[in-house]
Amino acid sequence: MPDQRRSIAQHFHDRTKYDPTTLASKTQQLDWRNQPIPFKEYKIGTAYDLKPYLNAEPALDNGDKQWQRIARFLFCSYGLTVKMTMLNGEAVYLRAAPSAGGLYPAEVYLISRGTPQLPVGLYHYQTQTNSLLHFWETEAWKPLQEACFWHPALDATQMALVVTVVFGRSAWRYQDRAYRRIFLDAGHLLGNIELAGAINDYRPHLIGGFRDEAVNQLMYLDAAQEGAIAIVPLADLWDIDQNLPPTSTALPSAIQTDYPDIPDGRLLSYIHQMTQISGDPIPDRLPAARADSEPDQYNFPFCLKVSMESGAIAWGDHLAELEKTMLKRRSTRAYSGADLTLEELRLLLDFTYQPAHYLDQGLDRSPDYFDLSLIETFIAISGVEGLEEGCYYYAPRAQELRQIRFKNFRRELHTLCLGQDLGRDAAAVLFHTADLQRAVAQYGDRAYRYLHMDAGHLGQRLNLAAVRLGLGVSGIGGFFDDQVNEVLGIPPDEAVLYITTLGRGRASE
């Protein structure tokens, strides 16, 4: 029977951990004949072809300029960037945002309040044809505001994205643990949306607190198969009235401690149902995020401390290099085992955790996350010139590494990453973790969504920084959970969310 003292999010996390003694029982033979299609198509509607607007030359006509912004924004966020033909003749498509197993569970919709380009209604971004399909002509803005508890970012904006996930695409391969990977993948997409917005003069405002059922019904979704997970109003920075200040993004759900004995295979759908918001937010549980002045964690006495202050990665005029990097990003499949330089590691961490350093390049100094104060970062160093091997805690406010364990972990990392050579041959392996009990106390069981999307968002910034620097990078969502904490000396109450490997690549996907 479930441990009734623990919330459903904590129960789910424990139930979906990989362990060397039970991993074989948690995997199954894949049914390749029934692999889900990673695209959603609408047969009826008005299609707006975005391909003609992707020309690099600036448009002259104002209407074309607006279309060019919309087209480039969507393409950089989630567009198809590569088509490959496999030996069996099947086509494989890769997108701007990475996805575990290339399964791409996310879908992107757009709600228009009514603009000269986009009449009022509901739209779906058709990635396979790079078009925007107007599939429902209805005034949806007021119902969206109601479902989002009248979030102020929806007051003046005219467009909003709705990010959804199709659960079966990832569950086909990863079973119940797919719920983790789904939200990591969604975080990759949100990271792209934030940066693609900056390139095209939009300011995305992230909303995670909304009535799930109301949004699903508004978008005509089959909630058993697909669910909304984030709303993203787009402030138009060409319009002074839409240059809005950042606002709160996350609201709490209930904490579920009374739940039945849930069989394997049904755990994913159950936790998603239990992490939904149905009624009004609970007044005495509204979030109060940790103040910026609060010190970093794990400031151990007498530990080695290494400053990570550095310059900034240059993204070029009008962020041209950032756009190129987003479109050419690939996950590294093998590392050479060669070292990184300390300055390369500094630049990677700087772009990921110090966005204010990029304000003069046109990026947002304070991009939206659900709550970064809940995320901690540990780095296992195996090969960084000028840095002793071992495990370090990264303190983002102090901008320093703090050594917590002295050892070369290459052999252990190979095992922890389920025998993947990426863990062994990487120069540095970064772990995002969170105190799940504290997160649930603040945001209810919905915190589980927020934590993984924030970790994925950070992971995508690492991805892009590494590609820009000519380095290899690959995210790993499958690992032996408890053994990570034991081997690296990470406190046992820190739930491991995501792993990013960094090094010098030998080959890419």
Side-chain angles (χ1 to χ4, degrees), residues 94 97-102 184 188 191 306 308 310-311 313 321 324-326 328-353 377-394 401 403-433 455-480 483-484 487-488 490 496-509:
L94 303 179
S99 171
L184 291 172
H188 299 149
V306 181
M308 299 308 286
S310 72
I313 295 174
E321 291 303 321
K324 292 178 184 177
T325 300
M326 294 174 76
K328 74 177 183 181
R329 179 219 55 82
R330 296 289 173 267
S331 297
T332 301
R333 293 308 184 202
Y335 294 117
S336 67
D339 289 356
L340 299 181
T341 68
L342 181 56
E343 183 58 21
E344 286 171 332
L345 182 60
R346 283 176 171 146
L347 288 169
L348 288 165
L349 296 177
D350 185 79
F351 180 69
T352 304
Y353 296 94
T377 303
F378 298 85
I379 308 177
I381 300 297
S382 297
V384 176
E385 296 172 7
L387 198 57
E388 187 176 355
E389 296 171 341
C391 184
Y392 294 76
Y393 169 73
Y394 175 64
L401 291 180
Q403 192 169 18
I404 62 174
R405 185 155 286 192
F406 304 83
K407 181 179 169 57
N408 183 305
F409 288 104
R410 285 195 187 274
R411 184 178 65 181
E412 290 86 349
L413 289 168
H414 186 248
T415 300
L416 295 177
C417 296
L418 309 188
Q420 296 183 65
D421 291 346
L422 290 170
R424 180 195 63 203
D425 298 334
V429 180
L430 188 146
F431 300 82
H432 285 126
T433 73
H457 187 159
L458 290 170
Q460 181 63 352
R461 290 186 75 98
L462 282 169
N463 290 337
L464 297 173
V467 173
R468 173 63 176 141
L469 295 174
L471 304 175
V473 60
S474 186
I476 294 179
F479 43 83
F480 292 130
Q483 286 73 15
V484 170
V487 169
L488 300 182
I490 297 173
V496 182
L497 306 171
Y498 197 22
I499 296 176
T500 300
T501 60
L502 299 158
R504 300 206 180 276
R506 212 167 52 213
S508 299
E509 69 179 359

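What's counted below: heavy atoms across the whole structure, side chains too, no hydrogens, waters or symmetry copies.
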Next item on the list: Would you please name every residue forming a ring pair (Phe, Tyr, Trp, His ring centres under 6.0 Å) with Tyr394, sequence neighbours left out?
Entry: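 Ring pair (Phe, Tyr, Trp, His ring centres under 6.0 Å) check on Tyr394 returns Tyr353.
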
Notebook entry, point to check: Which residues satisfy the ring pair (Phe, Tyr, Trp, His ring centres under 6.0 Å) test with His457, sequence neighbours excluded?
Noted result: Tyr369

Note to self: What I'd like to find out is whether the side chain of Thr415 reaches to under 4.5 Å of the side chain of Gln483, using heavy atoms alone.
What the structure shows: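 They are not in contact (no side-chain heavy atoms under 4.5 Å apart), so the answer is no.
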
Note to self: Does any part of the side chain of Ile381, heavy atoms only, come nearer than 4.5 Å to the side chain of Glu388, both counted from C-beta?
What the structure shows: no

Checklist line | Residues which pass side-chain hydrogen bond (donor to acceptor under 3.5 Å, both in side chains) with Glu389, listed by chain and number, not counting sequence neighbours | finding: Asn408

Checklist line | Non-neighbouring partners of Arg405 that pass side-chain hydrogen bond (donor to acceptor under 3.5 Å, both in side chains), sequence neighbours left out | finding: none

Nearest 0.5 Å please: distance from the [atom1] atom of [X] over to the [atom2] atom of [Y].
X: Ser310; Y: Glu343; atom1: OG; atom2: CD; value: 5.0 Å
X: Leu502; Y: Ile379; atom1: CG; atom2: CD1; value: 8.0 Å
X: Leu413; Y: Leu488; atom1: CG; atom2: CG; value: 6.5 Å
X: Thr352; Y: Ile313; atom1: OG1; atom2: CD1; value: 7.5 Å
X: Asp350; Y: Met308; atom1: CG; atom2: CE; value: 9.5 Å
X: Leu387; Y: Leu401; atom1: CG; atom2: CG; value: 6.0 Å

Notebook entry, point to check: Which pairs with one or both residues in residues 469-478 pass salt bridge (Lys or Arg N to Asp or Glu O under 4.0 Å), sequence neighbours excluded?
Noted result: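 Output for this query is empty, none listed.
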
Next item on the list: Determine the minimum heavy-atom distance between Ala97 and Arg329, stating which atoms define it.
Entry: C-NH2, 3.9 Å

Notebook entry, point to check: How would you list, by chain and number, every residue that makes a salt bridge (charged side-chain N to carboxylate O under 4.0 Å, His left out) with Arg410, sequence neighbours excluded?
Noted result: none

Margin query: One pair to check against side-chain contact (heavy atoms from CB on, under 4.5 Å): Leu430 and Leu349. What are the steps and the verdict?
Written below: CA-CA 10 Å; Leu430 188 146; Leu349 296 177; 4.0 Å; yes

